[in-house]
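Only one structure is covered here, and it is reproduced in the block below.
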Amino acid sequence: PVFTSNAVTFTATLTVPASAPTGTVTFYDGTTLLGSGVVTASVATLTISAPATGNHSNTAVYSGDTNFTLATSLPLSEIVQDFTIAGADRTVTVPLGGQATYPLVITSLGGALPAEVSLTLTGLPPGMTAFFSSPVVAAGSSTTNVTLQVSLPGYSVQQPPPGPFG
C-alpha cells in the first residue's frame, strides 16, 4: 500500500534471450489507460504523481516490435490510501505566555495506514512553539487521537521585553 500523496513508479522489465526489444509499454489500471513508457535497455517506466485512492489492478502491455510479439503482464494489485486530520473548528484567545490546546483525530481512509505519518507545524510567528502529543502516527493505525499544543511567548514581538533598568 502507498499514500495518494506519494508518486508511484511502474517498471516493466522485458526478459528475452537474444537482442534487446524496442517499442513501448502501456500501463493500465484495469481498462483505464495510465500512460506509456519507451523501452530502453529492456525496461520501460511510468511515474504517476498522485494516484487515486482505492484498490487497483495494474497491467503492462508491450507493443511488440519486428523481433517480438505483443505481450501483456499478469495483473499487479496495489492499494492506494489517504488519511484525514480533523479538529474542532474553533478560535481560541490566549494571553501572552499562555497555551492553546487543539484535539485532533487522524483517520486512515481505506484501511490501516500503510506507513507512519509524521506531524509537523511550520510558519508560526516568532516566539511561538508547537508540540504534538504524538508527533508520529504509527503504520498500521486506523484512527488516532493527537493533541496539538501551541505556546505563546511571554512578551509581544511588537514590544521588546523590558531591559534591566525598567
Side-chain angles (χ1 to χ4, degrees), residues 1-13 25-38 40-41 43-60 73 75-166:
V2 296
F3 285 123
T4 190
S5 59
N6 296 100
V8 174
T9 300
F10 297 98
T11 302
T13 303
V25 173
T26 305
F27 297 90
Y28 292 91
D29 176 7
T31 58
T32 303
L33 172 68
L34 297 174
S36 61
V38 174
T40 304
V43 175
T45 60
L46 174 70
T47 299
I48 305 294
S49 61
T53 57
N55 295 322
H56 301 273
S57 179
N58 301 300
T59 55
S73 71
L76 173 70
S77 294
E78 184 66 72
I79 299 170
V80 180
Q81 292 177 279
D82 202 357
F83 63 93
T84 61
I85 300 177
D89 187 16
R90 63 185 182 144
T91 302
V92 178
T93 302
V94 181
L96 293 176
Q99 297 176 340
T101 302
Y102 301 93
L104 304 173
V105 179
I106 292 87
T107 304
S108 176
L109 304 175
L113 293 173
E116 70 180 27
V117 174
S118 297
L119 303 172
T120 59
L121 184 61
T122 60
L124 291 172
M128 289 180 77
T129 58
F131 171 79
F132 288 98
S133 61
S134 177
V136 176
V137 178
S141 300
S142 56
T143 299
T144 303
N145 294 310
V146 175
T147 301
L148 167 62
Q149 186 176 57
V150 179
S151 299
L152 279 67
Y155 60 89
S156 170
V157 293
Q158 294 175 343
Q159 279 184 313
F165 303 111

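Starting from 1, each residue takes its place in the sequence as its number.
Looking only at side-chain heavy atoms (C-beta outward), Leu119 and Leu104 stay at 4.5 Å or farther from each other. A heavy-atom distance below 4.5 Å is not found between the side chains of Thr53 and Leu109. Met128 places a side-chain heavy atom less than 4.5 Å from the side chain of Pro153. Under the 4.5 Å side-chain criterion, counting only non-hydrogen atoms from C-beta, Asp82 is not in contact with Thr84. With contacts defined as side-chain heavy-atom distances shorter than 4.5 Å, the pair Val43/Thr45 qualifies.
Of all heavy-atom pairs spanning Ser108 and Phe83, the tightest one is CA-CB, 4.0 Å. The two residues Gly37 and Ala44 make their nearest non-hydrogen contact at O-CB, 3.7 Å. Nearest heavy-atom pair across Ala100 and Val94 is CB-CG2, 3.6 Å. Here the shortest heavy-atom pairing between Pro51 and Asn6 reads CD-O, 3.3 Å. Closest approach of Val137 and Val146 over heavy atoms only: CG2-CG2, 4.4 Å. Scanning all heavy atoms of the two residues, the minimum distance from Ser141 to Ala138 falls at OG-O, 2.7 Å.
Here the side chain of Ser134 pairs a donor or acceptor atom with the backbone of Val136 at under 3.5 angstrom. Side chain of Gln81 to main chain of Leu113: no donor-acceptor pair is present (N/O by atom type, distance under 3.5 Å, no hydrogens or angles).
Atom CG in Leu46 sits 12.0 Å away from atom OH in Tyr28 (nearest 0.5 Å). To the nearest 0.5 Å, the span separating CG on Leu34 from CG on Asn58 amounts to 6.0 Å.
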Handout entry: Test log, rule side-chain contact (heavy atoms from CB on, under 4.5 Å), inputs Glu78 and Leu76
Key = CA-CA 7 Å; Glu78 184 66 72; Leu76 173 70; 5.5 Å; no

Problem - Residue pair Phe132, Thr147: steps toward the side-chain contact (heavy atoms from CB on, under 4.5 Å) verdict - result: CA-CA 6 Å; Phe132 288 98; Thr147 301; over 6 Å; no

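In this structure, a donor-acceptor pair under 3.5 Å is absent between the side chains of Ser73 and Thr59.
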